[in-house]
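Report on one structure; see the data block that follows.
Every chain is numbered from 1, with letters handed out A, B, ... down the list of sequences. Only heavy atoms go into these numbers, but all of them, side chains included; no hydrogens, no water, no symmetry mates.
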There are 2 protein chains.
Amino acid sequence: MTLNISSTEQNYIKAIYHLEQNGRPVNTNDLAAQLATTPASVTDMIKKLKQKKLINYKAYYGCTLTENGRKQSLLIIRRHRLWEYFLSKKLGFNWDAIHEIAEELEHVSNTELINKLDAFLGYPKVDPHGDPIPDANGNIATIEHAVLGGGTLGKRYVVAQIGSQLPAVLELLDQKHIKIGTIIEIKKRFDFDQSLEIKAGNKHITQISKELSQHILVKEHE
Amino acid sequence: MTLNISSTEQNYIKAIYHLEQNGRPVNTNDLAAQLATTPASVTDMIKKLKQKKLINYKAYYGCTLTENGRKQSLLIIRRHRLWEYFLSKKLGFNWDAIHEIAEELEHVSNTELINKLDAFLGYPKVDPHGDPIPDANGNIATIEHAVLGGGTLGKRYVVAQIGSQLPAVLELLDQKHIKIGTIIEIKKRFDFDQSLEIKAGNKHITQISKELSQHILVKEHE
DNA sequence: ATAATTATTTAGATTTGTCTAAATTTTTAT
DNA sequence: ATAAAAATTTAGACAAATCTAAATAATTAT
């Protein structure tokens, strides 16, 4: 029998998955902040997830996903990213709108639906933000991209991934014509605020703040 | 401000819409049967829907949709049928599987999503069962097709609509190679049980029961 | 018209997910 | 080491949607 995971429970384990990327067990307050709820509610839900063996949990310490919890999270992320790809590439949505809609679609958990959608889309490897799409077994490619902010003067990079889904970030990138695949050369770095002057797409020069430069993930060109 | 309608409430008004097609106000027991719940639960929910002005309701009498309730129902049905079309025509699902999946997808009620999906699909007029798809304003074409069971011997008909979403019905039709657009000629009618012998698709001869013949909706050929 | 049957509603309880306020534990600062 | 601050949990309550069992109303049959 397959374990039933409610939409709310799905949101929790997905949030735990993302927070776990920081390398530490996930604490109650951070989880509450991430899910825009109260610490008391988190404590309640954590008990239920532990009982379902989706997380390990020690009071006053924090929680981590179990092996099954991690797999379930990755299947949710798979659904989310495939729908994002569909919304962007097939329906023509701008990339700052797709996250919110995919948040709803991801909870429809019919396996055949998702696998047929994957096939229809041509088995994409990454979503429109450059994030890798887990396969049907919950395996995800671990791609370690460097942040543009840490790049070298004069070198050319290719934008591979965006480290944020915030519409505010994506809107700013749109305005600067930066997207996945854009070639960027770092022209100057200003010591005062660590802002960068870059040439984007072999064309225009623009300035980007330190904050923004840390959300642009790149690989070296050629 | 737009009224928020929960998934459960959506299921109720959709069921009321369908039961209302019989021409009578919808009573508690029929609604409970349709939704596989108890009459007591229906009474509770009916009060809430009345308060939201989605239905008219008189105790011990029955309920009908208000103008807004009817519009909301049709927008849900629009979502359902567009997703069915997508599942069938784009993802390649068999028509006996699409209803169940669309039951979940229909609750994602983002208007822009549905309108972009409609455009992507090429503004289809009917879903894979031949049921008309309401437009973005909740207007639905009223197509009155005849049931094959009432047809005339020797005449040729085109299958236009299937009056059931039951997988059992659709499976049977698949087996007999009957789908939307199939040309059918009534060869014989057996008085004993009102079953028919027909020629389907100008090819093979098959027998169909009275029950099945009443779920096949047709228009005249040519 | 009265009894029997059927349909509907009410009363009270349950589950899921949430909250506020108070209590407790842990960590940090002095 | 003790006090203050921060983090977490507990206690108790609430809303949505549901249920069972009992009560009430309407219909039908005699």
Side-chain angles (χ1 to χ4, degrees), chain A residues 1-16 19-20 22-64 69 72-73 76 103-104 106-109, chain B residues 2-16 19-20 22-64 69 72-73 76 103-104 106-107 109:
Chain A
M1 180 247 157
T2 317
L3 186 61
N4 216 56
I5 308 177
S6 75
S7 286
T8 310
E9 290 167 346
Q10 288 180 38
N11 286 336
Y12 270 84
I13 61 173
K14 195 172 55 130
I16 294 168
L19 290 172
E20 243 188 1
N22 300 330
R24 293 185 303 279
V26 179
N27 64 10
T28 305
N29 269 6
D30 289 354
L31 197 45
Q34 174 85 6
L35 292 164
T37 185
T38 61
S41 303
V42 170
T43 300
D44 290 346
M45 178 57 87
I46 273 178
K47 286 178 192 159
K48 220 182 308 174
L49 295 174
K50 185 183 183 177
Q51 213 180 325
K52 287 194 171 185
K53 294 195 173 34
L54 292 167
I55 62 171
N56 307 114
Y57 167 64
K58 239 183 75 184
Y60 287 95
Y61 169 71
C63 62
T64 54
Q72 298 304 323
S73 302
I76 299 161
E103 284 288 300
E104 296 192 58
E106 74 185 12
H107 296 305
V108 178
S109 60
Chain B
T2 318
L3 185 61
N4 216 56
I5 308 177
S6 74
S7 286
T8 310
E9 289 166 347
Q10 289 180 37
N11 286 336
Y12 270 84
I13 61 172
K14 195 172 54 128
I16 294 168
L19 290 172
E20 243 187 0
N22 300 330
R24 293 185 304 279
V26 178
N27 65 10
T28 307
N29 269 7
D30 289 355
L31 197 45
Q34 175 85 6
L35 292 163
T37 185
T38 62
S41 303
V42 170
T43 300
D44 290 346
M45 178 58 87
I46 274 178
K47 285 179 193 160
K48 221 183 307 174
L49 295 174
K50 186 184 184 176
Q51 212 181 325
K52 287 194 170 185
K53 294 194 172 36
L54 291 167
I55 61 171
N56 307 115
Y57 167 66
K58 239 184 73 184
Y60 286 94
Y61 169 71
C63 61
T64 54
Q72 297 305 323
S73 301
I76 299 161
E103 284 288 300
E104 295 193 59
E106 74 185 10
H107 297 304
S109 61

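- Regarding A:Asp30, its CG atom lies at a distance of 9 Å from the P atom of D:dA7, rounded to whole Å.
- To the nearest angstrom, P of C:dT16 lies 11 Å from CG of A:Asn4.
- Close to C:dG17, at under 4.0 Å from its OP1 or OP2, lies no side-chain N or O of A:Thr37.
- The backbone N or O of B:Pro39 lies less than 3.5 Å from a partner atom in the side chain of B:Thr43, making a donor-acceptor pair.
- Proximity of A:Lys48 to the phosphate of C:dT16: no side-chain N or O atom is located under 4.0 Å from OP1 or OP2.
- Residue B:Leu49 contributes atom CG, which lies 11 Å from atom P of D:dT18 at whole-angstrom precision.
- Between B:Lys47 and C:dT10 there is a side-chain N or O to OP1 or OP2 distance below 4.0 Å.
- Per the geometry, OH belonging to B:Tyr57 stands 7 Å off C1' belonging to C:dT9, to the nearest Å.
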Query raised in the report: Step by step, would you call B:Ile46 with B:Tyr12 a side-chain contact (heavy atoms from CB on, under 4.5 Å)?
Result: CA-CA 9 Å; B:Ile46 274 178; B:Tyr12 270 84; 5.7 Å; no
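- For B:Tyr60, taking side-chain heavy atoms from C-beta onward, the closest of the listed nucleotides D:dT24, C:dT18, C:dT16 is D:dT24.
- Contacts of B:Asn27 with the nucleic acid, taken as non-hydrogen atoms under 4.0 Å apart, involve only primed sugar atoms and P, OP1 or OP2.
- Residue B:Ser41 places its side chain closer to D:dT18 than to any other of C:dT20, C:dT16, D:dT18.
- Using a 4.0 Å heavy-atom criterion, one finds that A:Thr28 contacts the sugar-phosphate atoms exclusively.
- Residue contacts shown for A:Thr43 include a base, since a base heavy atom lies under 4.0 Å away.
- Nucleic acid contact for A:Thr8: sugar-phosphate only, since backbone atoms but no base atoms lie under 4.0 Å from a heavy atom of the residue.
- Among C:dT8, C:dG17, D:dT10, the nucleotide with an atom closest to any side-chain atom of A:Ser6 is C:dG17.
- In terms of modelled atom types and a separation under 3.5 Å, the side chain of A:Ser73 and the main chain of A:Ile13 share a donor-acceptor contact.
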Requested in this report: Check step by step if side-chain contact (heavy atoms from CB on, under 4.5 Å) holds for A:Ile16 and A:Cys63.
Outcome: CA-CA 8 Å; A:Ile16 294 168; A:Cys63 62; 4.0 Å; yes
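- Remark: C1' of D:dT18 and CD1 of B:Ile46 are 15 Å apart, rounded to the nearest angstrom.
- Going from atom CD1 of B:Ile5 over to atom P of D:dA17 covers 12 Å, rounded to whole Å.
- Residues A:Ala40 and A:Glu9 each lie close to DNA chain C; by heavy-atom proximity, the contact nearer the 5' end of the strand is made by A:Glu9.
- Atom-to-atom distance recorded for B:Met45:CE and B:Leu49:CG is 6.0 Å, nearest 0.5 angstrom.
- Using a 4.0 Å heavy-atom distance criterion, B:Tyr12 is classed as a sugar-phosphate-only contact.
- As a whole-Å value, the separation of B:Asp44 CG from C:dG12 C1' is 11 Å.
- Residue A:Thr38 has no polar side-chain atom (N or O) positioned under 4.0 Å from OP1 or OP2 of C:dT18.
- Nucleotide C:dT9 holds its P atom 11 Å from the CG atom of B:Leu31, rounded to whole Å.
- Of the side-chain N and O atoms in A:Asn29, none sit less than 4.0 angstrom from OP1 or OP2 of D:dA6.
- In this structure, B:Glu9 does not pair ionically with B:Lys14, as no charged nitrogen and carboxylate oxygen lie closer than 4.0 Å.
- Along DNA chain C, the nucleotide nearest A:Ser7 and the nucleotide nearest B:Lys58 are compared for position; the residue whose nucleotide lies closer to the 5' end is B:Lys58.
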